[in-house]
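A quick write-up on the structure given underneath.
Please read all numbers here as calculations on a predicted model, not as lab measurements. Read the numbers this way: they start at 1 and go in the same order the structure lists the ligands and their atoms.
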Amino acid sequence: MEIKKKDIRALTKEQLRDFFVKEGDKAFRGNQVYEWLWSKGAHTFEDMTNVSKETRQMLQDNFVINHIKVDQMQRSSDGTIKNAVRLHDGLIVESVLIPVKNRTTACVSSQVGCSLDCRFCATSRLKRMRNLNPDEIYDQVVAIDKESKLYHNRPLSNIVFMGMGEPLMNYNNVLKAIDKITSPEGLGMSPKRIVVSTSGVPKMIKKMADDEVKFKLAVSLHSAIDEIRTSIMPFNATFPLEDLREALEYWYEKTKNRITYEYVVWEGINDTKKDVEALIAFCKFAPSKVNLIEYNPIDDGEFQQASSKAIDMYVNMLETNHITVTVRRSRGKDIDAACGQLANKS
Ligand code: SF4
C-alpha cells in the first residue's frame, strides 16, 4: 500500500527542526529547508541546492511540496487580473489583483465555496467543499505579487480577505497564512495592509480581539435592520445584529481600531431614509468608515444597484453624522472578478 506523503509546508519551523534532529541531522538543517520553502518559494526538493543530495532524497521519500497552480489568468480592460487557482486535489478557487493609482490589492479566497448563504453573492451557490490550508492562501498572495510586478511594475501593497469563503470560518488557517505573509521569512508585509472582511461571526470577532491581531477588520453589513439583513443574509437569523454589535463593541474596546463596514445599496431593499438612519444608529458607537460598494448583478436581476439619488442620500446623511464614507466603483466586471461575482465560471 502506498503511504500518503505529508505536505512539508504544513510543518512549522520548530517541527521541521525536530524532524531533522530525529533523523540524526542538525536542527539548523530545518532552518535551511524552511527558508527554501517560504522565502525562496522552492517548488521541488531538487531546487534546494545548498542541501546535500542524500538529504534531498530523504525529504523526497517522506514529503511532498504542494503548490497551487494558476490554471487560468484573465485580464480586464481596467488592469484587474483574475486567477483561477488549482489546488493540489484539483479543486479551484479564485483570487483577484486590483490595481488602483499607486497601490495593488490582492483579494484572496479562504475556502473552496462558502459556508454562508448571502443571497446576492455568486460564491454562495457553490457548496463549501473545504477550508484552504495556510500555504494555499499564502500562495495566492505570492502569485498576485508576481503578477503585480510583471504587469504593473510594482509589488503588491495590500491584501483583502474578500474572495471566496468566510475567513472567520477558517480562522486558524487564515491566521497562520497571515503570520507567513507578515513574517520576514515570508513576504514581510505589514499587517496594517491586510484587511479581513467578515459577514459577521460574533464569537470569532471577539476571539480576534482576544488574540490581539494586528490586521484590520471589515464587516459586510448591508443592512442594520434585522428583518432586511436576514432576508439577504439568512445566517443573520443565527447571528443577529445585536450580537454582532456587541462583538464589535468588544473589538473596539480592546483594539481601538476603526471599524470598516462594506455596504451595498440595492433598489427596493435598503435604499430608504429609514435604512440610513438604522446604519447610523448601528455604527455610531465607535469610529467607523462605510464603504458603499457598487453592485455587480450576478443573474436575472433580483438584486439591482440603487439609484445615484439613493447613494447620494447615504453619503449626505453619513457625513452629516461624522461617519467617514467612500463610494467604491467595482473593478474587473468584464471578467466576473468584481465583488460578489467569484463563482469559478471561467
Ligand atoms: S458574501 Fe462572502 S460570506 Fe457571503 S456567501 Fe459570499 S463569499 Fe460567503
Side-chain angles (χ1 to χ4, degrees), residues 82-85 87 91-96 98 105-132 136-137 140 159-171 173-174 177 194-205 208 216-224 226 228-241 243-244 247-248 259-266 269-270 290-299 302-305 328 330-333 336-346:
K82 181 170 81 169
N83 291 332
V85 167
L87 308 172
L91 293 171
I92 304 267
V93 291
E94 292 178 339
S95 38
V96 183
I98 309 152
T105 300
C107 175
V108 295
S109 294
S110 53
Q111 298 181 309
V112 186
C114 187
S115 329
L116 300 184
D117 49 7
C118 308
R119 286 183 46 226
F120 50 83
C121 168
T123 309
S124 70
R125 295 172 191 183
L126 306 172
K127 203 173 110 232
R128 188 196 79 91
M129 308 290 285
R130 68 170 173 88
N131 288 338
L132 293 191
E136 292 169 329
I137 298 170
Q140 291 176 69
I159 301 171
V160 291
F161 280 80
M162 234 191 211
M164 294 173 150
E166 164 53 59
L168 298 194
M169 295 284 199
N170 184 17
Y171 181 72
N173 288 352
V174 165
I194 300 173
V195 178
V196 169
S197 177
T198 175
S199 294
V201 187
K203 195 174 82 185
M204 298 314 294
I205 291 172
M208 275 169 65
K216 293 182 183 164
L217 170 69
V219 178
S220 293
L221 191 63
H222 307 308
S223 176
D226 264 320
I228 297 174
R229 195 165 194 263
T230 301
S231 74
I232 55 177
M233 304 168 88
F235 69 89
N236 185 71
T238 317
F239 308 127
L241 285 163
D243 294 1
L244 175 58
L248 290 171
I259 300 161
T260 298
Y261 296 96
E262 310 291 354
Y263 201 104
V264 179
V265 189
W266 290 284
I269 292 178
N270 57 354
V290 175
N291 285 333
L292 295 175
I293 307 171
E294 186 185 358
Y295 184 61
N296 307 289
I298 52 170
D299 51 22
E302 188 190 347
F303 290 90
Q304 288 298 328
Q305 165 79 21
R328 287 251 191 97
S330 262
R331 318 261 313 181
K333 276 193 271 193
D336 284 334
C339 268
Q341 287 188 317
L342 300 185
N344 290 347
K345 274 201 281 184
S346 49

Show your reasoning for whether side-chain contact (heavy atoms from CB on, under 4.5 Å) applies to F235 and D117. CA-CA 7 Å; F235 69 89; D117 49 7; 3.6 Å; yes
What distance do S220 atom OG and R229 atom CZ have between them, rounded to the nearest 0.5 Å? 8.0 Å
Any donor and acceptor pair, going by atom type alone, linking the side chain of N170 with main-chain N or O of L132 inside 3.5 Å? yes
Measuring from atom 6 (Fe) of ligand 1, count protein N/O/S atoms under 2.8 Å, please. 1
Using a 3.5 Å cut-off and no angle test, enumerate the donor-acceptor pairs between side-chain atoms of residues 194-205 and protein atoms at least two apart in sequence or in another chain.
unit_1, atom_1, unit_2, atom_2, d
T198, OG1, E166, OE1, 3.3
T198, OG1, E166, OE2, 2.9
T198, OG1, G200, N, 2.8

Sub-3.5 Å donor-acceptor pair from the side chain of N83 to the main-chain atoms of Q140, do we have one? no
So do the side chains of L248 and L217 get within less than 4.5 Å of each other, counting heavy atoms only? yes
